[in-house]
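Only one structure is covered here, and it is reproduced in the block below.
Proteins come first, then strands; the chains are lettered A, B, ... in the order of their sequence lines, and each starts at number 1.
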Amino acid sequence: MSIRKTMAIFKKQIKDTLKNRTVLIQFIMFPLLTIIINSAMQVEGMPKNYFVVLFATMYIGMAPLTGMAAIISEEKEKNTLRVLMMSNVRAGEYLIGVGAYIFLLCMLGAVVFGIVGDYQGSAMLQFLFVMSIGILTSLLIGAAIGTWSKNQMSATSITIPVMMIFSFLPMLAMFNESIGKVSRLIYSQQINNLMSNIGVLELSFENVFVIAANMAVVIALFVIAYRRSGLA
Amino acid sequence: MEQKNRIVTDHIAMSFQDNVVLQDINVKIEEGEIFGLLGPSGAGKTTLIKILTGQLKQISGTAQVLGMDNRSITREGYAKIGMVLDNTGLYDRLTCWDNLALFTEIYGISKDRIKVVLNKVGLEDATKRSVHKLSKGMKQRLALARAIMHEPEILFLDEPTSGLDPATASYIHQLILEEKGKGTAIFLTTHNMEEATKLCDNVALLNKGQIVEYGYPKNICRKYNFQNKIQLLLKNGESHTLTNDSSSAELIGNYFKNNAVESIHSSEPNLETVFMEITGRRFE
Ligand SMILES: Nc1ncnc2c1ncn2[C@@H]1O[C@H](COP(=O)(O)OP(=O)(O)OP(=O)(O)O)[C@@H](O)[C@H]1O
Ligand SMILES: [Mg+2]
């Protein structure tokens with residue numbers, strides 16, 4: 001592993017994303033939406049931070065996942081990733097460079113959610129910790145999709161349904177019990193559950209087990225994708 | 001000891017499923033040599049470059065690139081190779097400068113090189129322009145700048161001048177010759193016979209995956225000078241074709257004595273006519 005090369009990729013990604021509106025909007029939309037709705041809607045009897053938790057969950061299911069998949073698949077389609085590999089950049093250096101950037105960008109978004117949700121001190125730390133776990137899992141899913149796909153089109157066709165499941169199921173589960181039984185099995189639901197208990201956070205066996213199992217499946221899928229298509 | 005042969009292939013063969021794309025390819029490229037792989041579309045030129053750069057694995061035969069087996073080029077090995085692939089692989093949204101800056105960081109070389117190579121390829125005025133705003137020829141030159149930035153020992157250029165105007169193409173020829181002057185071994189593919197004749201120390205004519213002729217371009221042409229004819233155009237407008245030997249001496253002598261000659265040509269074939277002669281095919 002070369003820190004220098006990872007940093008080079010990281011810097012490239014900062015410059016590139018700033019000029020890439022379709023990706024950038026993914027990272028800005030939900031935090032912005034939360035700021036607006038949270039200040040505009042004050043419904044009696046609604047749980048505190050209802051919208052913050054709802055949108056933060058959607059954010060986790062969407063932004064890191066689509067961002068990672070879009071970046072990797074575009075680089076494959078345009079042959080830039082091949083040029084990087086031929087210039088002596090390792091797959092790990094590339095993935096960590098891009099992944100670290102998206103992770104930090106999403107954590108910035110997470111801080112915005114945290115501020116809007118008015119979390120203080122240890123509550124804020126708990127909130128960011130829970131967010132970081134969700135973001136990391138989504139990142140890995142996005143990496144697996146991007147690696148599997150040969151171009152942006154095929155990445156998008158996988159990203160959209162996958163993203164819908166992870167970001168909308170927790171919301172639908174609030175209204176429908178049988179959906180709730182299924183959504184218990186996905187990490188974004190568990191993250192959503194944890195976020196409802198910020199301040200008095202306790203990790204249950206179910207939380208840890210489901211998230212760990214999701215991660216394990218994703219890593220396995222990534223390895224399969226990598227074996228099938230490679231990065232270049 | 002420095003090895004003189006930068007690329008050596010030994011009976012390389014390649015096929016995709018049942019489609020045989022390369023057969024029995026033997027070439028040798030030394031430092032400071034420009035080698036041209038010529039052939040019509042679909043002949044297998046890009047495939048050979050991909051094999052030599054480790055992007056594809058041949059089905060049989062071996063190749064040495066910088067003394068390494070092509071199937072296991074090391075990280076250090078790749079740092080000594082520069083290439084311009086048929087699809088340029090530039091970052092569209094980044095500027096010329098940012099595109100090159102990425103690679104100075106990857107290679108761990110000074111940022112000063114960016115200015116040097118941008119000047120060299122004539123893109124000094126486009127430094128801050130995004131790649132998607134560049135013309136095709138400018139992109140090609142930027143890709144070339146990237147390929148030579150780290151002073152590689154081998155340059156692979158897949159159709160470096162295709163689709164460019166003659167002035168830009170000639171500019172790129174100058175750059176290629178400059179790299180050759182530094183001892184870089186250059187492997188280029190082209191459809192352009194004139195370009196090959198002008199630049200290359202050796203060419204291989206590839207047809208349907210086989211090398212049908214290999215050597216110094218002028219020697220190849222001379223070898224195919226079957227017809228060996230001399231063409232005379234006289235001042236009175238008549239044209240005569242004579243055999244190029246002593247039997248024509250008297251006749252030609254007389255034309256000259258009478259001051260009747262407008263022009264005289266020997267019928268040496270060029271690479272293009274040679275290729276057509278060998279294959280019965282026309283170049284596109
Ligand atoms: N990945 C692949 N899978 C299957 N067939 C392939 C693949 N790559 C190339 N081919 C086939 O190999 C043959 C040679 O292709 P190649 O790209 O090497 O030709 P080329 O000489 O570079 O042509 P051009 O001048 O048009 O670039 C073609 O018939 C092509 O269809
Ligand atoms: Mg080609």
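- In this structure, the side chains of B:Phe103 and A:Ser87 come closer than 4.5 Å at one or more pairs of heavy atoms.
- Residues A:Arg82 and B:Gln55 meet the side-chain proximity criterion, which asks for heavy atoms closer than 4.5 Å.
- At a threshold of 4.5 Å between non-hydrogen side-chain atoms, the residues B:Ile106 and A:Leu84 count as touching.
- Environment of NZ in B:Lys111: crowded, with over 12 heavy atoms of neighbouring residues, nucleotides or ligands closer than 6.0 Å.
- The choice from B:Arg146, B:Glu76, B:His150 that makes the most heavy-atom pairs within less than 4.5 Å of chain A is B:Arg146.
- With a 4.5 Å cut-off on side-chain heavy atoms, B:Leu94 and A:Asp16 count as touching.
- By the neighbour-count criterion of 12 heavy atoms within 6.0 Å, atom CD1 of A:Ile3 is sparsely surrounded, having that number or fewer from other residues, nucleotides or ligands.
- To the nearest 0.5 Å, atom OG of residue A:Ser2 and atom CZ of residue B:Arg75 are 7.0 Å apart.
- Within 6.0 Å of NZ on B:Lys115 lie no more than 12 heavy atoms contributed by other residues, nucleotides or ligands.
- Taking CG from A:Leu18 and CZ from B:Arg93, the interatomic distance works out to 11.0 Å, rounded to the nearest 0.5 Å.
- Heavy-atom neighbours of B:Lys57 NZ from other residues, nucleotides or ligands within 6.0 Å: at or below the threshold of 12.
- Of the residues listed (A:Lys78, A:Glu75, A:Lys19), the one engaging B:Tyr91 in a side-chain contact (heavy atoms from CB on, under 4.5 Å) is A:Glu75, and it is the only one.
- Note that CG of B:Asp98 is 10.5 Å distant from NZ of A:Lys11, once rounded to the nearest 0.5 Å.
- With values rounded to the nearest 0.5 angstrom, A:Met7 atom CE is found 8.0 Å from B:Glu105 atom CD.
- Summarising the local packing, CE of A:Met153 is surrounded by 12 or fewer heavy atoms from other residues, nucleotides or ligands at distances under 6.0 Å.
- Interface with chain B: from residues 88-96 of chain A, residues A:Asn88, A:Val89, A:Arg90, A:Glu93 qualify, criterion being any non-hydrogen pair under 4.5 Å.
- A 6.0 Å sphere centred on NZ of B:Lys139 holds more than 12 heavy atoms belonging to other residues, nucleotides or ligands.
- Of the inter-residue distances, the one linking A:Glu74 atom CD with B:Asp92 atom CG reads 7.5 Å to the nearest 0.5 angstrom.
- The stretch residues 20-40 of chain A places A:Asn20 near chain B, each with some heavy atom under 4.5 Å from a heavy atom of that chain.
- Heavy atoms of other residues, nucleotides or ligands lying less than 6.0 angstrom from CZ of A:Arg227 number 12 at most.
- With rounding to the nearest 0.5 Å, the separation of NZ in A:Lys15 from OG1 in B:Thr95 is 7.0 Å.
- The heavy-atom pair separating A:Met86 from B:Thr53 by the smallest distance is CE-O, 3.3 Å.
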